[in-house]
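First listed ligand is number 1; within each ligand, the first listed atom is number 1. Quick note: residue numbers are just sequence positions, from 1.
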Amino acid sequence: MASEYILRVENLHKKFGEREVLHGISFNVRKGDTKVFIGPSGTGKSTLLRCINQLTVPDSGQVWLDDDEITGCGQKISTFRQRIGMVFQNFNLFDHLTALQNVEIAPIKVLKMKPAEAGKKAMEELCRVGMQDWADHYPAELSGGQAQRVSIARALAMDPEVILFDEPTSALDPELTREVLEVMKELARGGMTMLVVTHEMGFARSVATEVIFMEGGEIVEQGPPGEILANPKHMRTREFIGKISDQ
Ligand SMILES: Nc1ncnc2c1ncn2[C@@H]1O[C@H](COP(=O)(O)OP(=O)(O)O)[C@@H](O)[C@H]1O
Ligand SMILES: [Mg+2]
């Protein structure tokens, strides 16, 4: 029977050397959810996202996409990575390719789409993020906000079931942050399933279905943004939210 959740994370543990960075993380994601992860630097947020698509291999625990287990799937991991998009803080675009080429390359190479079809798809995704006029430009000619919008288009071009965003705006100044968050809000409102590590509380308030506060490799508290941000139960959550709200 199909699970009611599109993604399930069960009791993930990860050590780097002697240091345990994830202490048993579990949560479930429904189709169309936007989960926002907050927490101090070094808390394991990036490691958690990386464990979901096995860029980092967890020591124990399971990750399921629909009815398929990702953890321990061996060679099949490339199929899962097609189904789970990822957007990084530093864009990770290919410098020698134009915006359009950056977006169409995975559909051509991985999905074996015909170049004309991939080009059309890439242009549609560039339109979706408002970058259609910049299709022939190289990353060096784009602002950070524009580059990040291209990298979102690149993720969308694979028609992912879930997109993971790891601090997508933390390298950007406020104006550019805003244009990227607008694109992300549109995606969230359009029903995309998204896991987002960010400290942009306006974004969390307007589109998150749930905010998850992590500290020291654990989930301390989770709930709707109205509850977690306005009325956190745990002292540690309260202190952290106080700090980011003062900025
Ligand atoms: N590949 C790695 N090797 C060793 N230690 C790592 C590695 N990746 C992350 N860490 C450590 O794991 C901890 C959690 O890191 P990270 O997941 O990046 O936290 P966050 O994203 O919350 O800032 C940090 O102490 C970091 O130094
Ligand atoms: Mg991080």
Glu141 side chain vs Tyr138 backbone, donor-acceptor pair below 3.5 Å: yes
Which residue and heavy atom of the protein sit nearest atom 23 (O) of ligand 1, plus the separation: Gly42 N, 2.7 Å
Listed protein N/O/S atoms, distance to the Mg ion (ligand 2) under 2.8 Å: Ser46 OG
Worked check of side-chain contact (heavy atoms from CB on, under 4.5 Å) between Arg81 and Gln54: CA-CA 9 Å; Arg81 289 194 187 133; Gln54 307 282 289; 4.0 Å; yes
Salt-bridge present (Arg149, Glu179; N to O < 4.0 Å): yes
Other residues, nucleotides, ligands: >12 heavy atoms within 6.0 Å of Arg83 CZ: yes
ILVMFWY cluster membership beyond Phe16 - transitive side-chain contacts under 4.5 angstrom: Val21
Sub-3.5 Å N/O-N/O distance, Phe16 and ligand 1: no
For Thr43, the ligand 1 atoms whose distance to one of its heavy atoms is below 4.0 Å: 19 (O), 20 (P), 22 (O)
Stepwise side chain to side chain donor-acceptor pair (under 3.5 Å) test for Gln148 and Ser151: CA-CA 5 Å; Gln148 192 59 299; Ser151 75; 2.4 Å; yes
Ring centroid separation His199 to Phe240 under 6.0 Å: yes
Protein residue, atom and distance nearest to atom 18 (O) of ligand 1, heavy-atom basis: Ser46 CB, 3.7 Å
Pair Phe27 + Phe37: ring centers closer than 6.0 Å: yes
Closest protein heavy atom (residue, atom, distance) for atom 17 (O) of ligand 1: Thr47 OG1, 2.5 Å
Short N or O distance, Val21 and ligand 1, threshold 3.5 Å exclusive: no
Aromatic ring pairing His137/Trp134, orientation class (parallel under 30°, perpendicular over 60°, tilted between): tilted
Under 3.5 Å donor-acceptor, Lys45 side chain and Glu167 backbone: no
Closest protein heavy atom to atom 22 (O) of ligand 1, given as residue, atom name and distance to 0.1 Å: Lys45 NZ, 2.8 Å
Min heavy-atom dist Ser41 to ligand 1 below 4.0 Å: yes
4.0 Å heavy-atom contact, Arg19 with ligand 1: yes
Atoms in ligand 1 flagged as close to Gly44, the criterion being non-hydrogen separation under 4.0 Å: 14 (C), 16 (P), 17 (O), 19 (O), 20 (P), 22 (O)
N-O pairing of Glu104 and Lys121 below 4.0 Å: no
